[in-house]
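Quick notes on the structure that follows.
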Amino acid sequence: MELTPRRGTIVALLALVPVATFAFARGEPLVGIALVNVCLIFGSLYVAFSPVSGHGHGGNGHGTAG
């Protein structure tokens with residue numbers, strides 16, 4: 001299996017382990033914000049590295065009109 005950038009972003013989910021451990025150890029509700037931030041970062045990277053199909057620019061396909 002080839003490691004693509006999109007699959008590589010799954011490594012970002014490993015950040016949930018220390019954040020969750022800290023959240024349960026400290027019991028502070030503000031640590032939950034860190035969990036949300038990790039999920040947002042993962043989602044952003046996953047979407048950013050997703051393949052793009054059909055740009056919909058029209059034209060001749062070379063980035064110029066005509």
Side-chain angles (χ1 to χ4, degrees):
M1 177 169 62
E2 181 183 345
L3 181 62
T4 62
R6 191 172 188 195
R7 287 185 182 149
T9 59
I10 295 175
V11 174
L13 291 179
L14 293 176
L16 288 174
V17 175
V19 172
T21 302
F22 184 72
F24 291 122
R26 300 283 291 204
E28 296 180 22
L30 291 178
V31 180
I33 294 173
L35 287 168
V36 171
N37 287 338
V38 170
C39 292
L40 287 173
I41 291 168
F42 165 72
S44 298
L45 289 173
Y46 194 77
V47 169
F49 288 120
S50 62
V52 178
S53 63
H55 296 226
H57 291 287
N60 61 9
H62 296 359
T64 57

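The CG atom of L13 lies 11.0 Å from the CD1 atom of I41; values are rounded to the nearest 0.5 Å. A distance of 12.0 Å separates CG in L35 from CG in L30, rounded to the nearest 0.5 Å.
Both L16 and F42 belong to a single network of hydrophobic side chains, linked directly or stepwise wherever heavy atoms of I, L, V, M, F, W or Y lie under 4.5 Å apart.
Looking at every heavy atom in both residues, V31 comes nearest to V19 through CG1-O, 3.8 Å.
Environment of OH in Y46: sparse, with no more than 12 heavy atoms of neighbouring residues, nucleotides or ligands closer than 6.0 Å.
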